[in-house]
Amino acid sequence: MSKFLSADSNPFSHHPDFSQLGYQVIQELGRNREGGRITYLAYALKLNQKVVIKAFYFASAANDLSVKAYEREIEILQQLNHSRIPRYVTSFETSAGFYMVQEYKNAPSLGIKRSFHPEEIKQIALSILEILVYLQKQVPPIIHRDIKPENILVDEHLNAYLVDFGLARLKGAKMSLSSFVVGTPGFMPPEEQFGHALTEASDLYSLGATLICLLTNTRSVEIGKLIDDKQRLNFQKLVPQLNPRFRSWLVKMVELKRKHRYVNASAAMAALKPIQVIGAATGLDNFVAAIQERKRFNLLILATLGLLAVVSAILIISQPGNAGKRLLETKECQDLELSKNCLKETGY
Ligand SMILES: Nc1ncnc2c1ncn2[C@@H]1O[C@H](COP(=O)(O)OP(=O)(O)O)[C@@H](O)[C@H]1O
Ligand SMILES: [Mg+2]
């Protein structure tokens, strides 16, 4: 649907009037000045329900990127059908810009400061991973490319909703040079920063960074504080109470090389489900964590050497007439205090 209406000359100064189209703007939900976007909560009179109207203003965003983002968001939302992704409703145009109307999800975004228990953060992670599994099941798979606290809504039952498909791409779609580095610094995986192809593991990096922000109570704009001089997200010391297996899971989510991350959302979800988030580590937890983090690589070597030693001892002992067996049997004889007779019996 495309209708031309007269529009306010400065949409950034007050709410626009969409009453002729049957919408009453209630409040602003967010704005992105550089991108020329404002997102409004509105009341749809005909539908008798709240909706979200995302406006792309020509005056402040008269560039190809924002028009493309608008078109892409519509195209992708139209093809999706998931209860935790807002549904596309309609779109219209005024002399001031384009507007996309979508379903309103009644849940605050993670951009609003809230604090969660690590167990709750695991639940949020699983909820987002379920959405990513759905997106990655599409043919071709969909990569969101802008997962961060502001684009995730979480309700009181810890159900997570994913919004803002303005940067979303179909896997394998060609990207123009100008659209490479568009994600949010700190949440963008390194492959995107360097213009390499994106895969299912790319969104995992951004989700990992988001979860680290939640665990460490770090605001999105301050995520740089967690990045060390090797470009790694360094959070371990800030949350010492985490179970090492959960910590390793997170480390793997934000590996700089995508081949070291989980291959996709469903692998990350399967690995996370059985993990205990908090509490004392068992020996197995520590061992698994040490191996996964690849930091204590020598531990693995030691374990392998130990195993080899045991196997060779068994082999030596099981050889008939060998020195090991002789030694053992002689020892047995001594223990039984039958040295002489026994030695006679065994012949050693
Ligand atoms: N469908 C929705 N339901 C509820 N809140 C929403 C919805 N879509 C967006 N929001 C809120 O509006 C904010 C801005 O919307 P978003 O699509 O992320 O715009 P932008 O592209 O400018 O970042 C989001 O951070 C979120 O808080
Ligand atoms: Mg957004």
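Values below: every heavy atom of this structure, side chains too, minus hydrogens, waters and symmetry copies. As the structure is a prediction and not an experimental result, all values here were calculated from the model. In each ligand, atom 1 is the first atom listed, and ligand 1 is the first ligand listed. Throughout, residue positions are numbered sequentially from 1 according to the sequence presented.
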Query - Glu255 side chain vs His260 backbone, donor-acceptor pair below 3.5 Å - result: no
Query raised in the report: Which residue owns the protein heavy atom closest to atom 17 (O) of ligand 1, what's the atom, and how far is it?
Result: Lys54 NZ, 2.8 Å
Query raised in the report: Based purely on interatomic distance, does Arg37 place a nitrogen or oxygen under 3.5 Å from a nitrogen or oxygen of ligand 1?
Result: yes
Query raised in the report: Parallel, tilted or perpendicular for Tyr134 and His82, by the 30°/60° rule?
Result: tilted
Query raised in the report: the Mg ion (ligand 2) is nearest to which N, O or S atom of Asp164?
Result: OD2
Query raised in the report: Any idea which protein heavy atom is nearest atom 4 (C) of ligand 1, and the distance to it?
Result: Lys105 O, 3.1 Å
Requested in this report: Could you find the nearest protein heavy atom to atom 27 (O) of ligand 1 and give me its residue, atom name and distance?
Outcome: Ser109 CB, 3.6 Å
Report task. Quick one: look up the protein heavy atom nearest atom 14 (C) of ligand 1 and list residue, atom name and how far away it is. Result -> Thr39 OG1, 3.5 Å
**Report entry** Aromatic ring proximity Tyr99/Phe18, centre distance under 6.0 Å
**Finding:** yes
Requested in this report: Report yes if some N/O of Asp164 lies less than 3.5 Å from some N/O of ligand 1; otherwise report no.
Outcome: yes
Query raised in the report: Any idea which atoms of ligand 1 are less than 4.0 Å away from a heavy-atom of Asn32?
Result: 22 (O)
**Report entry** Heavy atoms from other residues, nucleotides or ligands near CZ of Arg219 exceed 12 (cutoff 6.0 Å)
**Finding:** no
Requested in this report: For the residue pair Phe56 and Tyr70, categorise the inter-ring angle as parallel (less than 30°), tilted (30 to 60°) or perpendicular (more than 60°).
Outcome: perpendicular
Query raised in the report: Tell me, which protein residue and heavy-atom name are nearest atom 13 (C) of ligand 1, and how many Å apart are they?
Result: Leu29 O, 4.0 Å
Query raised in the report: Are the side chain of Arg261 and the backbone of Ala201 linked by a donor-acceptor contact shorter than 3.5 Å?
Result: yes
**Report entry** Minimum-distance protein heavy atom relative to atom 25 (O) of ligand 1
**Finding:** Glu150 O, 2.7 Å
Report summary line: Quick note on ligand 1: atoms under 4.0 Å from a heavy atom of Tyr104 include exactly 3 (N), 4 (C)
Query raised in the report: Going by the angle between their ring planes, with limits at 30° and 60°, are Tyr23 and Phe92 parallel, tilted or perpendicular?
Result: parallel
Requested in this report: Check whether any N, O or S atom of Asn32, backbone or side chain, sits closer than 2.8 Å to the Mg ion (ligand 2).
Outcome: no
Query raised in the report: For Asn151 and ligand 1, does the shortest N/O to N/O distance drop below 3.5 Å?
Result: yes
Report summary line: of all protein heavy atoms, closest to atom 9 (C) of ligand 1 is Val163 CG2, 4.0 Å
Query raised in the report: Has the side chain of Gln138 got a donor or acceptor atom that lies under 3.5 Å from a matching backbone atom of Pro140?
Result: no
Query raised in the report: Counting distance only, does the side-chain N/O of Lys257 pair as donor-acceptor with the main-chain N or O of Pro190 below 3.5 Å?
Result: no
Report task. Keeping the roles fixed (side chain from Arg169, backbone from Arg72), state whether a donor-acceptor pair exists under 3.5 Å. Result -> no
Report task. Among all protein heavy atoms, pick out the one at the shortest distance from atom 2 (C) of ligand 1; state its residue, atom name and that distance to 0.1 Å. Result -> Val52 CG2, 3.5 Å
Report summary line: ligand 1 to Pro86, heavy atom cutoff 4.0 Å, flagged ligand atoms 1 (N)
Query raised in the report: Does the ring center of Phe187 lie less than 6.0 Å from the ring center of Tyr205?
Result: no
Query raised in the report: How does Leu153 reach ligand 1, if at all, at less than 4.0 Å between non-hydrogen atoms: by side chain, backbone, both, or neither?
Result: side chain
